[in-house]
Amino acid sequence: MADPMKIRANLVGDSTEVKVLMSHEMDTGLVKDKSGKIIPAWWIQTVKVTHNDKVVLTAQWGTAVSKNPFMSFKFKGGAKGDKVTITWVDNHNDSRTDTAVIA
Amino acid sequence: MDMNRRQVLKTSGGATFLALLAAAGWIPSAYADAPGWSKAEFDTHTMDATLAALGAGKPVTSSDVAFFSTPDIAENGAVVPIGVTSKLPNAESIAILVEKNPFTLAALFDLPAGTEPTISTRVKMRETSNVYALVKAGGKYFMTSKEIKVTLGGCGG
């Protein structure tokens with residue numbers, strides 16, 4: 001199981017700004033290790049963000065997203081104390097879900 | 001297991017059977033893409049191929065799509081901050097494309113109603129390249145581009 005995401009969700013005016021830092025190697029499958037063997041591609045493919053069970057963002061990622069991915073975006077309609085839940089799934093079908101409370 | 005799988009593939013032939021196997025969980029999950037991930041769109045290597053796979057045709061160049069917090073020169077190609085924002089009404093999705101990367105499409109964000117068309121993330125860049133922000137709004141595609149110079153490539157080379 002991967003390390004938890006770091007999620008911040010802050011109310012700015014009438015929008016909620018979400019910032020998330022995920023812990024993932026994001027291997028492209030193009031890099032060789034020291035012994036010359038290709039490190040297989042291993043990366044987060046989909047990300048879903050929900051606010052009180054309503055989807056506010058879905059993303060699909062290629063291998064070009066940097067290691068330990070960062071993402072930020074804003075949505076309208078959040079209130080302090082509401083929950084923002086983020087789930088990612090990688091190409092090993094491993095996944096991780098974390099929740100933050102809007103501050 | 002591996003031998004069997006190959007034999008099965010040889011004798012039964014065809015992607016449908018492979019898909020069935022994957023669905024049944026007989027193939028190691030390491031080979032299964034995440035549900036909802038579009039291989040057809042990401043497994044493209046040129047701007048034209050990626051735009052075609054996205055169904056974007058020939059996007060209109062628009063000054064209503066803009067980069068923010070995006071450098072002109074990236075010292076480290078492994079971590080290039082990219083911010084994309086759009087003033088177009090009814091934005092449905094934002095895509096980030098790096099022309100000279102091994103795979104052109106870096107990320108695709110779908111924006112439900114109520115989500116603002118402003119996204120930032122970080123991507124890898126193999127070399128100096130044009131980076132494109134593609135926004136789908138009201139069923140049409142709009143694009144803007146920016147050259148980012150990379151002094152150290154992001155693919156371990």
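Letters A, B, ... are given to chains in the order of the sequence lines, protein chains preceding strands, and every chain is numbered from 1. All of these numbers come straight from a predicted model, not from anything done at the bench.
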ask   = Would a distance-only check, ignoring hydrogens and angles, find a side-chain to backbone donor-acceptor pair under 3.5 Å from Lys74(A) to Ile119(B)?
value = no
request  = Calculate, to the nearest 0.5 Å, the distance between atoms CG and CG belonging to Leu30(A) and Asn101(B) respectively.
outcome  = 9.5 Å
note = In terms of heavy-atom contacts, Val79(B) and Ser66(A) come closest through CA-OG, 3.6 Å
key: Part of Thr63(A) lying under 4.5 Å from any heavy atom of chain B   = both
Closest contact, heavy atoms only, Lys124(B) versus Thr28(A) = NZ-CG2, 3.4 Å
query = In this structure, are over 12 heavy atoms from other groups packed under 6.0 Å from Lys146(B) atom NZ?
reply = yes
note = Note: vs chain A, highest number of non-hydrogen pairs under 4.5 angstrom among Ser93(B), Gly114(B), Ser120(B), Pro112(B) is Ser120(B)
query = Of all residues at least two apart in sequence or in a different chain, which pass the salt bridge (Lys or Arg N to Asp or Glu O under 4.0 Å) check with Asp43(B)?
reply = Lys39(B)
Common cluster, Met5(A)/Val101(A), ILVMFWY with side-chain heavy-atom separation under 4.5 Å = no
message = At a 4.5 Å cut-off on heavy atoms, which part of Lys67(A) comes close to chain B: side chain, backbone, both, or neither?
response = backbone
query = If Ile, Leu, Val, Met, Phe, Trp and Tyr residues are connected whenever their side-chain heavy atoms lie under 4.5 Å apart, and connections chain through other members, are Leu108(B) and Met143(B) in the same group?
reply = yes
query = Can you tell me if Ser38(B) and Gln60(A) form a side-chain donor-acceptor pair at under 3.5 Å?
reply = no
task = With rounding to the nearest 0.5 Å, note down the distance linking CZ in Phe109(B) to CE in Met71(A).
result = 6.5 Å
query = Would Trp42(A) end up clustered with Ile38(A) when hydrophobic side chains under 4.5 Å apart are linked, directly or stepwise?
reply = no
remark   = One should read off an interatomic distance between Leu57(A) CG and Thr115(B) OG1, to the nearest 0.5 angstrom, of 6.0 Å
Part of Ile39(A) lying under 4.5 Å from any heavy atom of chain B = neither
key: Portion of Trp88(A) that has a non-hydrogen atom of chain B nearer than 4.5 angstrom   = neither
query = Should Leu88(B) and Tyr141(B) be regarded as members of a common hydrophobic cluster, given that ILVMFWY residues are connected when their side-chain heavy atoms come within less than 4.5 Å of each other, either directly or indirectly?
reply = yes
ask   = Ala107(B) and Val65(A): which non-hydrogen atoms are nearest, and at how many Å?
value = CB-CG2, 4.2 Å
ask   = Under a 4.5 Å side-chain heavy-atom rule over Ile, Leu, Val, Met, Phe, Trp and Tyr, are Val98(B) and Phe103(B) clustered together?
value = no
Pair Arg122(B)-Leu21(A), side chain to side chain contact (heavy atoms under 4.5 Å, CB included): steps then yes or no = CA-CA 11 Å; Arg122(B) 297 176 195 151; Leu21(A) 199 55; 4.1 Å; yes
request  = Provide the closest heavy-atom pair for Asn93(A) versus Pro35(B) in the form atom of the first, atom of the second, distance.
outcome  = OD1-CD, 4.3 Å
key: Heavy-atom closest contact (Ala106(B) atom, Ala64(A) atom, distance)   = CB-CB, 3.8 Å
ask   = So with a 6.0 Å cut-off around CG of Asp53(A), is the heavy-atom count from everything else above 12?
value = no
task = Among the options Ile82(B), Asp110(B), Leu111(B), pick out the one with the most heavy-atom pairs lying under 4.5 Å from chain A.
result = Asp110(B)
inquiry  = Using 0.5 Å steps for rounding, measure from the CZ atom of Phe73(A) to the OG1 atom of Thr118(B).
reply    = 11.5 Å
task = To the nearest 0.5 Å, tell me how far Ile96(B) CD1 sits from Trp61(A) CH2.
result = 10.0 Å
inquiry  = Under 4.5 Å from any heavy atom of chain A, what part of Ala113(B) do you find: side chain, backbone, both or neither?
reply    = backbone
request  = Could you grab the distance from atom CG of Asp90(A) to atom CH2 of Trp37(B), nearest 0.5 Å is fine?
outcome  = 12.0 Å
